[in-house]
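In this chain, residues are counted from 1 in sequence order.
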Amino acid sequence: MKIHSREVVFKALSGSINRNLNEGTSDRDIKYFVLPTFNDLYSGILYKNFQTSDAEDIEIHDVRKLEKLLSNSNLTFLELLYSIEIETFGYPETERLLEMRDDIATINLRSLFNSCFGMYRGQMKDLTKPNSEIQRNLIAKHGYNTKKAMMSLHFLSFLIKFYSLGFKDFKSAITYEGASREYMLGIKHGGYSLEEFRKIADLNEKNALDLEREYFENPFNKETYGEIRNILRSLVKRHLGMLE
């Protein structure tokens, strides 16, 4: 499969559907990872593109970017390895990455902790700052952006759950079922005032911060990183016919 004249090696559904927090009105987000062209390599370009429509939102990234995204433990991209809809288009290298996903999920727990807190604080900072008509409507209706509120809590909830699972079963740590799902959707639907939500966030922030040492004491997994790097380099070399 090609998109924007580039060969797709990995395609995954992203977003709330992978956390079981999607509803009928939820957007459909898809991320594509593509092989670089010769011109991309020659010019030192990491291709990226974004498209939005009423039907779905699309992100396209150079597959080489996965080396940094995965080794830095960006939660948004780690979640892709556990997506409910994945296509690898017959590439054994991307199949191998999926086989390694449990090791990749814990490759850099210090960075995972820091990045989750960074995303949490970024969402909290923008609770009353709209940048679209939809967000303005949410703030007008509830006094704050309840969708961002739910997402901010997700980053903390994940850290707490992943630790409680012994840094295993990443999929369960990002997924909400039963009462926990209703609770999160209740936040999204405006079931709490801004003041009430801030108290909820403060409590979860404290609980997550108490786990900082547990995350930080785990060293960076150099062996897993080396395998990710070798897999991606082999994939690109094979594509360009440069394997010796």
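Checked against the 6.0 Å centroid criterion, the rings of Y163 and Y215 do not qualify as a close aromatic pair. Between F77 and H61, the ring center distance clears the sub-6.0 Å criterion. Separation of the F170 and F158 ring centroids falls under the 6.0 Å cut-off. F197 has its ring centre no less than 6.0 Å from the ring centre of Y192.
Residues forming a side-chain contact (heavy atoms from CB on, under 4.5 Å) with A12 (at least two apart in sequence, or on another chain): F10, L80, S83, I86.
Residue F117 places its CZ atom among more than 12 non-hydrogen atoms of other residues, nucleotides or ligands, all under 6.0 Å distant. Dense packing is recorded around NZ of K171, with more than 12 heavy atoms of other residues, nucleotides or ligands lying under 6.0 Å away. E223 CD: 12 or fewer foreign heavy atoms inside a 6.0 Å radius.
A salt bridge is defined here as a Lys NZ or Arg NE, NH1 or NH2 lying under 4.0 Å from an Asp or Glu carboxylate O, and R6 with D62 fails to meet this definition. Salt-bridge annotation for E196 and K199: absent, with no side-chain N of the basic residue lying under 4.0 Å from a carboxylate O of the acidic one. We find that E85 and K11 are not joined by a salt bridge, their nearest charged nitrogen and carboxylate oxygen being 4.0 Å or further apart.
A donor-acceptor pair shorter than 3.5 Å can be found between the side chains of H4 and Y47.
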